[in-house]
Enquirer: 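Handing you this structure, nothing more for now.
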Protein chains: 2
Amino acid sequence: VFDVLTVVGFGLLGGSIAKAARAAGLVRRVVAVGRNAERLAPARADGTADHVTIDLAEGVSEADLVVLATPVETLLAQLPEVWRKAPARAVITDVGSTKAAIVRAAESLAAERPLAFVGSHPMAGSEKSGYAVSRVDLYRGATVIVTPTAKTEAGAAGKVTAFWQALGARVKTLPPEEHDEVVALISHLPHLVAFALVDAVGRVNARAVDFAAGGFRDTTRVAAADPQMWREIFLTNRPAMERVVAAFHGALNDLERLIEKGDAPALERVLGDIRARREAVR
Amino acid sequence: VFDVLTVVGFGLLGGSIAKAARAAGLVRRVVAVGRNAERLAPARADGTADHVTIDLAEGVSEADLVVLATPVETLLAQLPEVWRKAPARAVITDVGSTKAAIVRAAESLAAERPLAFVGSHPMAGSEKSGYAVSRVDLYRGATVIVTPTAKTEAGAAGKVTAFWQALGARVKTLPPEEHDEVVALISHLPHLVAFALVDAVGRVNARAVDFAAGGFRDTTRVAAADPQMWREIFLTNRPAMERVVAAFHGALNDLERLIEKGDAPALERVLGDIRARREAVR
């Protein structure tokens, strides 16, 4: 329960946080910060935000909870200003898809001025973006990974965890670096591979897409995601991406070698092992 | 309209053909050929087949239309016997997922005894298999690729096309080699990549699957497919697979290089181009 909630970046994720927090009675007042006054107008008009501003310093100046919901690169650029202007009592979190870069940047700022920060990654959202698609139940049943470290201010992780749980989310905890490896495996690598699959079709026989069935549609659905967002994710998660892409090459090369050799029994055994692991995914 | 339809391999695809052909009044009599009398019993009991047999020679001996619906390797092994025992009037097709190996094998047999053969690939089915999941509407709205060549007996392609259309399918035509390239791109490569993605998770951090969200589930759904079937598909479509896997490596390496270099504008441009191509897929 926070008096003033400031959400920086009022798109799908930020707008949904404000709607859900208000519906759950978790906040008395919502301040929405954005780049563009016109784009913020609907949030003010529909009562989701009590106050909208394009001035980050003003927006965070009375916040009890600050949620940073801008794209990762923007967020990294905004952190120093948030650190200068937020009240000493403020708890700060974010919704960035990569965590190590953000958490480590926040920790260097906290070495100068100790504010309570803990990183969050709500695993919700879709290919669509913008305040217009935000909704009160986006986080209901979603998993949110919270990433405290040894340097996290005592109490911050608990408050942020309770906030997400009150929005209906299931909270799990991981160190930021392991978080980045996990999301590289289950999200960033599948996205990169989906982009490469679509590109490969164009390189070999573009009219193949006219025959696309469910398998291709499922496997490449995520290649319709926002290029700017994914450029930022791939670049801010570079260390983990390099490790998991290397593992993927290893896995693919092993399968290719079995196909080249025509080693039917070994290929079938490996595919069976992999299928069993896929079926274990709930 | 055929007097006797013989379906060899009475699983999801074969059973659904018999049910649909019977429902559409396309056949007077259905003969089901399988490996195992017990597994054929339900098709006889429910009236889908008038006669069931584990004797391939007997099963095709009075056929006007033979549909070969066994796994690709089995089918290749059965072709010579079908060629010896089917009546001269018979039209023969198959439902194999790769076409060049089957069509070329049929053409060498036809050089000795000219029977009317044309390859088919109905793009229907699911991860599930077996007669129990077969259904009368499996082909309704599905795409079937028919693969005639310069050597295809005049009339065979037309008869087989009309048969699929009467089951509710949309028929497209491709040469067998282009068919194999197209399905390698839109089906076999996505499957191989999905298997490699699941394997990569196990190689780096197996507990990552506990965090799997929609993106991972979509992208790797097809890795739950039958290992024996996919071993056969990968091996019988080896020439096309080698080409498309090479193109995929090229596409992935180009993306990796942009990430390594941190070339944000070029990466965003390439991702945007790919997204536009993905969005063009209906």
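It should be emphasised that the depicted structure is a prediction, and the values quoted were computed from it without experimental measurement. So that the names make sense, note that chain A is the first sequence line, chain B the second, and so on, each numbered from 1.
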Enquirer: Out of A:Asp199, A:Val198, A:Val270, return the one with the most heavy atom pairs under 4.5 angstrom to chain B.
Expert: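 Of the options given, most contacts go to A:Asp199.
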Enquirer: If you round to the nearest 0.5 Å, how far is CZ of A:Arg238 from NZ of B:Lys261?
Expert: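 One finds 11.5 Å between NZ of B:Lys261 and CZ of A:Arg238.
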Enquirer: Measure A:Val204 against the heavy atoms of chain B and call it side chain, backbone, both or neither at under 4.5 Å.
Expert: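 Looking at A:Val204, backbone and side chain both touch chain B.
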Enquirer: Please flag which part of A:Ile145 lies under 4.5 Å from any non-hydrogen atom of chain B: side chain, backbone, both or neither.
Expert: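 Contact with chain B: side chain only.
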Enquirer: Just give me the residue among A:Glu242, A:Glu232, A:Arg207 that pairs up with chain B most often, heavy atom to heavy atom, under 4.5 Å.
Expert: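 Ranked by contacts with chain B, first place is A:Arg207.
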Enquirer: Once you measure the plane-to-plane angle for A:His249 and B:His249, does it fall in the parallel (<30°), tilted (30-60°) or perpendicular (>60°) bin?
Expert: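 Aromatic pair A:His249/B:His249 classed parallel.
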Enquirer: So B:Ile259 and A:His188, side chain to side chain contact (heavy atoms under 4.5 Å, CB included) or not? Walk me through it.
Expert: CA-CA 12 Å; B:Ile259 293 172; A:His188 307 172; over 6 Å; no
Enquirer: Heavy-atom pairs under 4.5 Å with chain B: which of A:Arg243, A:Met123, A:Arg203, A:Met241 has the most?
Expert: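 With the most close heavy-atom pairs to chain B, the winner is A:Arg203.
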Enquirer: I need the B:Arg221 CZ to A:Thr219 OG1 distance, nearest 0.5 Å.
Expert: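 Rounded to the nearest 0.5 Å, the CZ-OG1 separation comes to 9.0 Å.
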Enquirer: What pair of heavy atoms forms the shortest contact from A:Lys172 to B:Asp210, and how long is it?
Expert: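 Heavy atoms only, the tightest pair is NZ-O, 3.2 Å.
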Enquirer: Under a 3.5 Å distance rule, please check whether B:Arg278 uses its side chain to pair with a backbone N or O of A:Thr220 as donor and acceptor.
Expert: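 Between the backbone of A:Thr220 and the side chain of B:Arg278 there is a qualifying donor-acceptor contact (under 3.5 Å).
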Enquirer: Given that the side chain runs from C-beta out, which part of A:Glu256 has a heavy atom under 4.5 Å from chain B: side chain, backbone, both or neither?
Expert: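 Only the side chain of A:Glu256 comes within 4.5 Å of chain B.
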Enquirer: Do B:Trp230 and A:Leu267 make a side-chain contact, defined as non-hydrogen atoms from C-beta onward lying under 4.5 Å apart?
Expert: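 Not in contact.
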Enquirer: What is the distance from atom CD1 of B:Ile186 to atom CG of A:Leu197, rounded to the nearest 0.5 Å?
Expert: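 Spacing of CD1 (B:Ile186) from CG (A:Leu197) equals 12.0 Å.
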Enquirer: What part of A:Glu181 lies closer than 4.5 angstrom to a heavy atom of chain B: side chain, backbone, both or neither?
Expert: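 The side chain, not the backbone.
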Enquirer: Side-chain contact test, heavy atoms from C-beta onward, threshold under 4.5 Å: evaluate it for A:Phe248 versus B:Leu252 and give yes or no.
Expert: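 Yes, their side chains come closer than 4.5 Å.
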Enquirer: Side-chain contact, heavy-atom cut-off 4.5 Å: A:Leu189 with B:Phe216?
Expert: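 Heavy-atom side-chain distance check fails, nothing below 4.5 Å.
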Enquirer: Using side-chain heavy atoms (C-beta onward) and a distance below 4.5 Å, is A:Val201 in contact with B:Arg277?
Expert: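 A side-chain contact under 4.5 Å is absent here.
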Enquirer: Quick one: what part of A:Glu73 sits under 4.5 Å from any heavy atom of chain B, side chain, backbone, both or neither?
Expert: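 Nothing of A:Glu73, per the 4.5 Å heavy-atom cut-off to chain B.
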Enquirer: Can you tell me how far the CG atom of B:Leu271 sits from the CZ atom of A:Arg231, to the nearest 0.5 Å?
Expert: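 One gets 9.5 Å once the value is rounded to the nearest 0.5 Å.
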Enquirer: Heavy-atom cut-off 4.5 Å, strictly under: side chain, backbone, both or neither for A:Asp254 against chain B?
Expert: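 Just the side chain, heavy atoms under 4.5 Å.
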Enquirer: Hey, what do you get for CZ (B:Phe211) to OG1 (A:Thr143), rounding to the nearest 0.5 Å?
Expert: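 Here the interatomic distance stands at 8.0 Å.
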Enquirer: Are A:Leu255 and B:Phe234 side-chain neighbours, meaning at least one heavy-atom pair lies under 4.5 Å?
Expert: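 They are not in contact (no side-chain heavy atoms under 4.5 Å apart), so the answer is no.
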Enquirer: Can you tell me which of A:Gly262, A:Ser187, A:Gly272 forms the most heavy-atom pairs within a distance under 4.5 Å of chain B?
Expert: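 Result: the option with the highest number of such pairs is A:Gly262.
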Enquirer: Which of the residues A:Asn253, A:Asp273, A:Leu174 is involved in the greatest number of heavy-atom pairs with chain B at under 4.5 angstrom?
Expert: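 Highest number of heavy-atom pairs under 4.5 Å: A:Leu174.
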